[in-house]
Amino acid sequence: MSKSNLITPRTLKGFRDFLPELMIPREHLMETARRVYRSYGFSPIDTPALEHLEILKGKGSEETDKQLYEFEDKKGRPVGMRFDLTVPLARFVAQHASELGMPFKRYHIATVWRGENTQRGRYREFMQCDFDTIGTKSVAADIETALVIHDLMHAIGITKFKIHINNRQVLNGLLERLDLLEQSTAILRALDKLGKVDADKVAAEMVAVAGATEAQARDVLSLAALQGEPSSVLAGLAPLVAGSQRGEAGVERLHELLTGIKAAGVSDARIHLDVAIARGLDYYTGVIFETFLEDLPGIGSVCSGGRYDNLAELYTKAELPGIGASLGLDRLLAALEELNLVEKVRTPAPVLIAYFDSARFEDYLRLAARVRSTGVGVEVYPEAIKLGQQLKYADRRGFRLALIAGDREFASNTCQIKDLASGASSEASLASNADELVERILAILAENAD
RNA sequence: GUGGCUGUAGCUCAGUUGGUUAGAGCGUCGGAUUGUGGUUCCGAAUGUCGGGGGUUCGAGUCCCCUCAGCCACCCCA
């Protein structure tokens, strides 16, 4: 093929390739999420990437419609690619409720697609790690959701994070009192900007866009002025919603939530009662969560969710309340990368066997099989090139150990173990199924395990 | 979807008011007397100057379009 005929290798805007050094930590994150979810009894499920368009469009706002990848399949059926995992979950639960039994707890780690403009940490194809509890309105599920988020961040190794918590009922209760319920979407949208934009501008937007009066805007903002310990914010909240049944219920619910979280041993420092967060998705009806990294707040929330008490109503008459949250794996990874918390390991196996003596290839294969049988990853170098080059390869790829055996070693039925970090090497016997060698490898790996 | 900024070797960049064969550092690869890497020394390769079109005697340098990245709005993981 002539050069001019070559097709330029490239990927679509917002779609990315993952090289090993990025994919290894990515898989690691997924495994961590899986482990934490399972530890709370959530079960894995999967659903199709493609859904009937009506399923995806049913609950969406104009905004999600705009971002939806939709087209006709080969038979002319209107279809769309899922843009989150919550809508597919609603369909899934409505379809299988009788088989699942309630309450139903599931996690779902999968790719979603949104055709919006890209930015750092924002892609058109990205992975979400959702966990949800369906079929109970109990505050126990709210508490558990917060605990999972907390444990998840810990398990990932993030120490400086804050879970922002709010409750839609509180907001709506206040709006009800102020007679602003009609314009709640516009008000909340403006309110959500607090922190990015100063209060005067937010107030101005409430007046201009949402049609509130100056006094109403100030009252809404007085809510957001509440700062400090969760308990004191809570105390300040009560008088603001007094008289609104909805608002009072919301405050009470927040109180129960915070009490439960505290009882489970979560530090107050990790929790921020943030009455300004509203979240864009309109399906939330109760508690709302957003999680921010203290060292990188600008990247946005890395784990968000909340309670939605009627998500499945479009697909079934059964009442299926739910609560859950979603870890934005790719956004989090972008953040970890920026904070230099991603370890640069390019090989998943810790041991390299040098292909040293071309006549001994079968011995190397045998040795590799023996070490693998203990659960340790082993790679045999594929070519009998100079030893120095093989060690260089091992060093760059981040192997911990190299096993070297040539005539000398085989003559004495031993094998050299070289620690690539220190450069030290020692010999171990290959006698009786290489037990000594295996033991030594396991000991060394146990020493510098994470 | 709207607006702004950016685009030169794998990476980070330099490239004078448009002027002859486009540079550096890092990285990569090879070598420094036959079984030991990460340091050092020597050497080598690599660019259709993101892509397309235009202005010009002549464009990496100017203009238009397009693609991609970054930022803001919007929204969100």
Side-chain angles (χ1 to χ4, degrees), chain A residues 2-4 6-16 19 29 33 60-67 83-86 109-130 149 185 188-190 192-193 196-197 201 205 209 277-282 284 289-293 298-305 325-335 338 352 354-358 360 381 384-410 416-425:
Chain A
S2 75
K3 198 174 179 182
S4 59
L6 288 176
I7 299 163
T8 308
R10 61 198 181 128
T11 53
L12 255 29
K13 182 186 177 79
F15 289 71
R16 302 155 306 146
L19 273 59
L29 276 182
S61 55
E62 278 175 41
E63 202 54 47
T64 52
D65 282 1
K66 249 169 49 188
Q67 299 181 354
F83 57 86
D84 70 8
L85 300 177
T86 309
I109 299 178
T111 307
V112 303
W113 296 268
R114 290 182 198 174
E116 64 173 336
N117 243 342
T118 57
Q119 248 178 71
R120 175 178 300 280
R122 285 175 78 158
Y123 312 99
R124 288 183 171 173
E125 178 182 64
F126 58 96
M127 189 158 273
Q128 292 195 319
C129 308
D130 276 37
I149 294 174
T185 308
L188 295 183
R189 191 160 291 167
D192 209 36
K193 288 179 190 163
K196 276 187 179 179
V197 180
K201 283 198 178 138
E205 181 175 332
V209 181
I277 59 164
R279 307 235 61 229
L281 292 169
D282 354 272
Y284 292 109
F289 300 105
E290 295 204 329
T291 312
F292 294 92
L293 305 183
I299 202 153
S301 172
V302 295
C303 188
S304 308
S326 179
L327 175 73
L329 187 109
D330 288 296
R331 175 175 288 184
L332 178 62
L333 198 60
E338 196 162 322
L352 179 79
Y355 190 171
F356 189 28
D357 182 339
S358 54
R360 294 291 194 162
Y381 198 83
I385 58 169
K386 288 205 296 191
L387 186 57
Q389 285 182 50
Q390 297 191 41
L391 288 172
K392 198 168 175 181
Y393 168 86
D395 182 51
R396 274 210 318 271
R397 292 295 166 106
F399 285 88
R400 297 233 186 95
L401 298 174
L403 299 186
I404 303 166
D407 283 344
R408 269 183 234 157
E409 287 79 9
F410 283 119
Q416 216 182 106
I417 305 173
K418 188 178 180 76
D419 185 320
L420 289 159
S422 68
S425 81

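Labels below follow one simple rule: chain letters A, B, ... track the order of the sequence lines, proteins then strands, and each chain is numbered from 1. Just so you know, these numbers use all the heavy atoms, side chains as well, and skip hydrogens, waters and symmetry mates.
Across A/D419 and A/L401, no two heavy atoms sit closer than the pair CA-CD2, 3.8 Å. Among all heavy-atom pairs drawn from A/L387 and A/A354, the shortest one is CD1-CB, 3.8 Å.
Comparing the C1' positions of B/U46 and B/G4 gives an interatomic distance of 35 Å, to the nearest angstrom. The gap from the C1' atom of B/C67 to that of B/A14 amounts to 26 Å, rounded to the nearest Å. Comparing B/U66 with B/U21, their P atoms sit 32 Å apart, to the nearest whole Å. Atom name C1', nucleotides B/U6 and B/G50: the rounded distance is 12 Å, in whole Å. Going from the C1' atom of B/U17 to that of B/U61 covers 11 Å, rounded to whole Å. One P atom belongs to B/C11, the other to B/U48, and the distance between them is 12 Å to the nearest Å. Separating the P atom of B/C63 from that of B/U55 is a span of 15 Å, rounded to the nearest Å. Of the C1' atoms belonging to B/U28 and B/A9, the separation is 12 Å, rounded to the nearest Å.
Comparing A/E409 and A/T11 by the nucleotide of RNA chain B whose heavy atom lies nearest to each, the residue mapping closer to the 5' end is A/E409. Where A/G388 and A/I299 meet RNA chain B, the nucleotide closest to each residue was compared, and A/G388 sits on the side nearer the 5' end.
Checking side-chain atoms of A/R331 against main-chain N and O of A/S301 turns up a donor-acceptor pair under 3.5 Å. Judged by distance alone, the side chain of A/R114 and the main-chain N or O of A/F83 form a donor-acceptor pair under 3.5 Å.
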For this session: Let me have RNA chain B in dot-bracket notation, would you? Count Watson-Crick plus G-U wobble pairs, both distances under 3.5 Å, and use [ ] for pairs crossing earlier ones and | for inter-strand partners.
Result: (((((((..((((.....[...)))).(((((.......))))).....(((((..]....))))))))))))....
Exercise. A/L12 and A/R124: side chain to side chain contact (heavy atoms under 4.5 Å, CB included), yes or no, with the steps?
Worked result: CA-CA 9 Å; A/L12 255 29; A/R124 288 183 171 173; over 6 Å; no
For this session: For side chain to side chain contact (heavy atoms under 4.5 Å, CB included), just list the numbers for A/F126 and A/V112, CA-CA rounded to whole Å, side-chain angles, deciding distance to a tenth of an Å, and then say yes or no.
Result: CA-CA 6 Å; A/F126 58 96; A/V112 303; 3.5 Å; yes
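Nucleotide B/A32 holds its P atom 12 Å from the NZ atom of A/K392, rounded to whole Å. Between the C1' atom of B/C76 and the CZ atom of A/F126 lies a distance of 7 Å, rounded to the nearest Å. Atom CZ in A/F83 sits about 12 Å away from atom C1' in B/C76, given to the nearest Å. Rounded to an integer number of Å, the gap from A/D395 CG to B/G37 C1' is 5 Å. The interatomic distance linking A/L12 (CG) with B/U66 (C1') rounds to 15 Å, in whole Å. Across the protein-nucleic acid pair, A/R408 atom CZ and B/U34 atom P stand 13 Å apart, rounded to whole Å. Atom-to-atom, CG of A/L403 to P of B/U36 comes out at 18 Å; the value is rounded to the nearest Å. One interatomic measurement links the two molecules: CG of A/D357 to P of B/U34, which rounds to 18 Å at whole-angstrom precision.
Ring orientation note: the planes of A/F399 and A/Y393 are tilted relative to one another, at an angle of 30° to 60°.
Between the CG atom of A/L333 and the CE atom of A/M127 there is a distance of 11.0 Å, given to the nearest 0.5 Å. Residue A/Y381 holds its OH atom at 10.5 Å from CG of A/L391, rounded to the nearest 0.5 Å.
Side chain A/Q390 to base B/U36: no donor-acceptor pair is found below 3.5 Å.
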Under 3.5 Å, N/O pairs linking protein and nucleotides 70-72 of chain B:
unit_1 : atom_1 : unit_2 : atom_2 : d
B/C71  : OP1    : A/R120 : NE     : 3.3
B/C71  : OP2    : A/R120 : N      : 2.7
B/A72  : OP2    : A/Q119 : OE1    : 3.1

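Residue A/G115 is out of contact with every strand shown, counting any heavy-atom pair closer than 4.0 Å. Heavy atoms of A/G300 sit nowhere under 4.0 angstrom from any nucleic acid atom. Contacts of A/Y393 with the nucleic acid, taken as non-hydrogen atoms under 4.0 Å apart, are absent. In this structure, A/D330 reaches neither bases nor backbone, as no heavy-atom distance under 4.0 Å exists between it and the strands shown. Across all strands shown, A/K418 has heavy atoms under 4.0 Å from base atoms, whether or not it also approaches the sugar-phosphate.
Phosphate proximity of B/G30 to A/Q389: present, with a side-chain N or O under 4.0 Å from OP1 or OP2. The phosphate of B/A32 (OP1 or OP2) has a side-chain N or O of A/K386 nearer than 4.0 angstrom.
Within the 4.5 Å cutoff, no side-chain heavy atoms of A/F289 are placed close to those of A/S304. Between A/L327 and A/I109 the shortest side-chain heavy-atom distance does not fall below 4.5 Å.
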